[in-house]
Structure formats: C-alpha cells, structure tokens
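Each ligand, and each atom within it, is numbered from 1 in the order the structure gives.
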Amino acid sequence: MIRLTLFSFFLLLVFPAQAETPIIQYGDRFHPVVGRDGMVVSQERLASQIGADILARGGNAVDAAVATGFALAVTLPQAGNLGGGGFMLIYLAEQQKTIALDYREMAPAAAHRDLFLDDQGNVDKQKARFSHLSAGVPGTVAGLVEAQKNYGELSLAEVLKPAISLASGGIEVSYPLAYSLQRAEQRLKISQASAGYFFRADGSSMKPGDNWKQADLAKTLKRIAQRGADGFYRGPTAELIVDEMQRGGGLITHRDLQQYRVVERESVSGTFGDYTVVSMPPPSSGGVHLIQMLNILEGWDLKALGHNSADYLHRLIETMRRAYADRSEYLGDPDFYQVPVARLLAKPYAKLLREGVDLDKASLSSDIKPSLEQYQESPETTHYSVWDKHGNLVSNTYTLNFSYGSGISVKGAGFLLNNEMDDFSSKPGSPNAYGLVGKEANAIAGGKRPLSSMSPVILFKEGRPVLATGSPGGSTIITVVLQTLLNMMVFDMNVAEATAAPRIHHQWLPDLVILEPGIGADTRAKLKQMGHKVMPEPRVLGRTQSISNFGGPIFFGATDYRWPGGAAVPVN
Ligand code: GLY
C-alpha cells in the first residue's frame, strides 16, 4: 500500500521520519487533518481541543479520552453526557491488548417486562421515551472514572479540570449548538429543570455568541473530581437524582445507583482479508453484526462491482437485511441471555446466508427470518476517537439515546437523563423509536442492560491498529461503520474520503432502504427495478469521528461533514 504521489511527497517533506506512505494521495476529493504526536476527533471542537491539550501535556490516550468525554458533557448536551452510558474500546500498545469497557445503563431493580404497556397491552411511547421511567441507571461517570483509574496516567482531577472550567466559566454558544437546542425546545421545556438549564433566563432560545454557564453541572463535576464515582453515585448528586425520580415517578433508587457496575468484557473480533476488526460485544449488537456482515460480504468481489454501484448496494442491502433479522432474535444482555456470539460469527453461517441472496432480485423482509436454526453449529449518540504518540488508542461511543435523552434534567445537578429504557424490546415485535424489533433476549428486567447498536471499532492490519472509528445514529450505527470500513479496506479510500462517501441503510424491518443524497438517480432506479423498496426522501446517515494511521508517526483524522462543529485536532 505505497502510493507515492504529489501529496504523499509533501507529507514526506513535512514528516521526514515517515518512510511508508499511508493511503492518501493527491487528487483525493477530501483530505484528512494530519498530526504527528497524536490526534483527537470528536463531534465538538472545544472537546477535541481539550483532549489534544491533555495529549500535548503528556497524558495518554485514556487521559485524553476521559477529558474529552467529560468536556462533551458540557459542550455537546444533546449527546455528551453524565446521565447516559456507553462503550469504550482501549488499545494498549505496550501490551498489544484491547479492553472493552461496558458502561451501558442498567434497568433499575424495580423495572419489569411490562413496564411500558398500557391497559390494552400496547406500548405507551410517551412513558418509554419521555418520562422519568425511561431512564436507566447512568453508567457514564462510572465508566470514565474506571477507565481513568485503571489505564490513565494523570489524576482524575487533572482531566476533569477543563470540563469544570467550561461549565463554570461558560462557553460561547456555537451555531450548531443554538440550532440543536432550538429544535429540541418543545421536548426540553417539558422539564422545569431543563427549561432553566438550556434557555435564557427569559425563556427565549440561546443565540450563537451567547455565553452559557452551567453552574449546577460544574458543581456535579467538582464532586466527581473530589470523590471519583462516589461523587455521582453517592452523596449530594445521588440525593438529587433520587429526589428527581420521586418528583417525576421514576424508579431509580439509592440502591440502584450504588449497585451500578462497569463490566470489562472480552471484545469481539473477526477477519476481513488482511484486516482484523475488533469491536464491542453484547450488550452491543454492533460488533457482532458488523463482523457477521463482513463475513457475508467477503465472499463477493466487491471491488470489481464498483463503489456504490447498484450491484454493490444490492449485496449490502441483502446482507444488512439478514443481519438485522438475526439481531431481533438473538441479541441481548449476555448477563441475562445466552447470546450465540460464536455461531453468529462463524464463517460457514455467513456462507449460508450469502448463498441465500438472489444477485438480481431483492428479497422481501417478510421472507427473511432469523436463521441460526438453519445453521448447524439518538439518532443521537456521539463517538470520539483518540490516538497518542505511544500508539495507545481509544474508540468511545456514548449516548443519552435520543438527542437530549428524555429531555428531563436532574434539578440541581445540571445534567440530562437518558431514555435508554426504550432500547429494550417493550413488547415482542413492537418497534422501538428506531423501528427495531426484538423479543425475549432483549425483554426488560431489573438490572439488565438494554441492547445497543453502538459500535466503537478498532481495525488492525498485520497486528497493528490502523483505524479507530464509530458513529451515532441508533440502528444505523452498525451499517454506517460497516461502510466506513469497506470504503477503506476494499476501495482504498483515505479516512476523509471514507467518511464523506454517500451511505445507505437497511435494517430488515421496516423493509425499506435509505439512500443518502449522492447516490445517483440511475442507481436508485436500478435498485427499484431489482425490487428494493427505496425511502422516497434521501436521509443523512451517521456522523463518524475517525483516526487512521498506516505506519509511522502520521495520524490522519476526519470528523464527519454531516454535522458542523466537529473537529479533528492534531498534536504536533
Ligand atoms: N441508544 C442507541 C443505542 O445504544 O443503540
């Protein structure tokens, strides 16, 4: 993979130590940000800068990731959070080891299977998505604190300091933040606390350029800096959370908070040609189905079909359809349900699924069933990636579920509550907010973690990490990440090209393919001719935040162009 071109030659002048040139060449339509001593890419510029500053001061990738995570809780309130949960993959260069931290929310002990059913046995969507009942016990603070304690090098107080300064000193409201808050006004104003936190004193919307201070959030962050996870799960913050629950009829108790646990799980991995893909195991469905889809796709010569040609997209759609059918049946919290990971990831199973695809004609989702038995053997979430000069890296996705979660803030504590309980299957076959259906494996139970699609990924080639990526987007996360990987592994795109290329999505049910703007009219027409049901309006899919490194001290970063305000910040 040596492509010595004009642009590469320029890189060699700037970074003479670099002997082998990574995949980037003159004439590419999009170029990544280039850094030598590390890189942080997130959906919000200030938070990326804070992570990069921590790297520049000698912190490692985990220090920078924890600092960025807490900073996003201040600067990106729609998805950065203290009141949500997520997954963090950490690669430790010296030990050549990947750690998968599960800090997903847990259902409160009093939650039960029929929590969201009304008298007629139908799912009460308001209750599942916008009430105090929709909040799972938050995992973010425990997850970030544990990552820092076990794998960071600076003190927790040091990595929290920038976030505390931003919350207490205030940030300048950016255009994307003002826009996002305005769109969420109706939902946020249902909560008296949110109305106070996210709007001007007279109730009007904040405007770009306003200074926005978050005094209660600063106090909560200070308690975490002083007492670690106990600053959140015990003491004044816990009191405020439980008071909020009692006021609003929620379920989270002191005992639930004290019993919250981060779980260090074994990552899932699979191969695709020369590459090894490492991702998050259940309760994420992301890693399993990403690898399952790559297993199916590797049986076709994708490159020969041409990027985003109708024949290529047909294979992608049929692959997605089958993987999401399996998701509905077999995936859930592995602490409650035995997820058949090894069987789902077996190459012969992928072959069986591939052989069921008619190469000229779309299948009907109603004809595709979860198939293991045939085989014997928010949008809103946010991702960030960090890479340090020692080769350690973090790929982290965390979420409140929807943008701004349930919209309900904890009065006095300054943060929003997630509505992750809607990621459970409230009733077999009844779709959640993302149109995803599920059954027993993902039924509600106290202490259980709802199934997720969050798919932080680290891609390896010949044993070395070459890419960290991930995306928000609810059910679309897995297919967005899949296409980003294929763009690089099969079509040799650089990380910026791979980010920018138009994407598609299919999730079995509803039987509908979403095409991004940029998939041409001819392709759309050919897919329809093959029998695919194409969503009439194009829609934008995902917001990846990625870093690649194909050898030597050159990091390439790309924030997703689909949302303004993100930044790849290099350390040089
Ligand atoms: N809340 C979106 C997900 O975890 O998949």
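Proximity to Arg104 (heavy-atom distance under 4.0 Å) selects the following atoms of ligand 1: 4 (O). Atoms of ligand 1 found under 4.0 Å from any heavy atom of Asp423, numbered from 1 in the order shown, are 1 (N), 2 (C), 3 (C), 4 (O), 5 (O). Under a 4.0 Å criterion applied to the non-hydrogen atoms of Ser453, ligand 1 contributes the atoms 3 (C), 4 (O), 5 (O). Near Met454, meaning under 4.0 Å from any of its heavy atoms, are these atoms of ligand 1: 4 (O), 5 (O).
Between Thr381 and ligand 1, a contact under 3.5 Å exists for no N or O pair. For ligand 1, the polar-atom distance check against Ser452 finds a nitrogen or oxygen pair separated by under 3.5 Å.
Under the side chain to side chain donor-acceptor pair (under 3.5 Å) criterion, Gln214 pairs with no residue, sequence neighbours left out. Here Glu264 pairs with Tyr151 under the side chain to side chain donor-acceptor pair (under 3.5 Å) rule; sequence neighbours left out.
No donor-acceptor contact under 3.5 angstrom links the side chains of Asp422 and Ser134, judged on distance only.
None of Thr484, Asp560, Thr469 except one satisfies the side chain to side chain donor-acceptor pair (under 3.5 Å) rule with Thr544; the exception is Asp560.
With hydrogens and angles ignored, the 3.5 Å screen pairs no side-chain donor or acceptor of Thr559 with any backbone N or O of Ala568.
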